[in-house]
Amino acid sequence: MSMDVDHDRFVRLWDGLARKLGIGDEPRSAVGRDLVEAYSSEDRHYHGVSHILTMLDAIERFEDRFQDPDAARLAAFFHDVVYLPGRTDNEQRSAEQLASSLLDEVEDAQVVDRARELIMATGEHRMSGDPSVDLFIDVDMSILAASWPEYSKYAEGVMREYSPVFGDQAYRKGRVELFLNPILARGSVFVTSTYAPLDPAAMTNLAREREILASGGRFDVL
């Protein structure tokens with residue numbers, strides 16, 4: 001799928017959701033432009049438009065399992081709108097941007113509150129006991145169980161986002177010690193029965209990435 005097609009679909013889906021939520025023409029267009037600009041930034045090698053579209057597709061597929069699927073869609077659009085590698089408050093700042101942009105525009109303010117809750121949950125990626133929150137977390141992490149070519153693009157994309165900030169060696173060390181090793185030691189990624197069957201594929205991908213990073217290798221991105 002071309003970048004232009006991705007962008008057109010992103011805008012179309014945002015417009016449809018915003019209209020459904022009762023957002024007026026001017027704020028709907030302004031927020032849409034802000035979202036496209038954020039996710040199309042040159043430094044977004046993974047956390048960009050395609051990632052949001054993938055999440056929206058999954059939410060559509062599992063719509064009946066979300067308590068409020070429109071809140072999940074709204075959260076997907078905003079959950080990485082602020083994404084600065086190395087910052088620990090990206091989720092909080094993304095949730096705040098959602099609130100500041102739309103709290104007075106959405107007809108049902110509870111949708112915004114629920115979306116903010118979902119965004120904040122992506123910072124920990126831990127089971128909450130709330131089925132909708134847990135499913136949203138798994139949707140966000142579903143890339144970890146993708147085919148290896150797709151996973152390689154993800155892993156390379158994350159490396160390209162972080163390495164300019166921390167340096168190649170520091171990134172490799174931090175990724176292995178702070179992300180890959182803890183998950184591999186736990187033996188699972190997903191927290192819902194919907195995604196749990198994909199854990200073996202995710203573990204295989206994570207172990208392969210760890211081997212590549214630890215050896216100083218690169219990802220074979222097609």
For [X] and [Y], which heavy atoms make the closest approach, and how far apart are they?
X	Y	answer
T122	H125	O-CE1, 2.7 Å
A75	A115	CB-O, 3.6 Å
S40	V49	OG-CG2, 3.9 Å
E161	P85	O-CG, 3.4 Å

Test of understanding: clusters of I, L, V, M, F, W, Y form through side-chain heavy atoms closer than 4.5 Å, transitively. Do [X] and [Y] belong to the same one?
X	Y	value
L17	L103	yes
L84	Y39	no
M120	V133	no

Step-by-step side chain to side chain donor-acceptor pair (under 3.5 Å) determination, T192 to D138: CA-CA 7 Å; T192 66; D138 277 358; 2.6 Å; yes

From OG1 (T88) to CZ (R93), nearest 0.5 Å: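 Spacing of OG1 (T88) from CZ (R93) equals 10.0 Å.
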
Separation between CG of L144 and CD of E150, rounded to the nearest 0.5 Å: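 L144 CG to E150 CD: 11.0 Å, rounded to 0.5 Å.
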
Would you please say whether a donor-acceptor pair under 3.5 Å links the side chains of [X] and [Y]?
X	Y	answer
S188	D199	no
H79	E91	no
Y151	E209	yes

Run the salt-bridge test on [X] and [Y] with the 4.0 Å N-O cut-off and return the result as yes or no.
X	Y	answer
D8	R12	no
D15	R19	yes
R65	D134	no
D168	R218	yes
R73	D68	no

Mutual orientation of the aromatic rings belonging to Y83 and H47 [parallel < 30°, tilted 30-60°, perpendicular > 60°]: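 Rings of Y83 and H47: parallel, under 30°.
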
Parallel, tilted or perpendicular: rings of F77 and F10 (30°, 60°):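 The arrangement is perpendicular - the two ring planes meet at more than 60°.
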
F62/Y195 under ring pair (Phe, Tyr, Trp, His ring centres under 6.0 Å): CA gap, chis, key distance, verdict: CA-CA 11 Å; F62 301 122; Y195 278 92; 5.7 Å; yes

Residues, nucleotides or ligands: over 12 heavy atoms within 6.0 Å of R126 CZ: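 It does not: R126 CZ has 12 such atoms or fewer within range.
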
E63 atom CD: more than 12 heavy-atom contacts under 6.0 Å: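 Yes, CD of E63 has more than 12 neighbouring heavy atoms, counting only those of other groups under 6.0 Å.
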
Derivation of the ring pair (Phe, Tyr, Trp, His ring centres under 6.0 Å) call for Y154 and Y46: CA-CA 6 Å; Y154 150 74; Y46 169 70; 4.8 Å; yes

Side chain to side chain donor-acceptor pair (under 3.5 Å) between D43 and S41, worked out: CA-CA 5 Å; D43 57 358; S41 173; 2.5 Å; yes

Close side-chain approach of L213 and F219, heavy atoms under 4.5 Å: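 Touching, per the 4.5 Å side-chain cut-off.
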
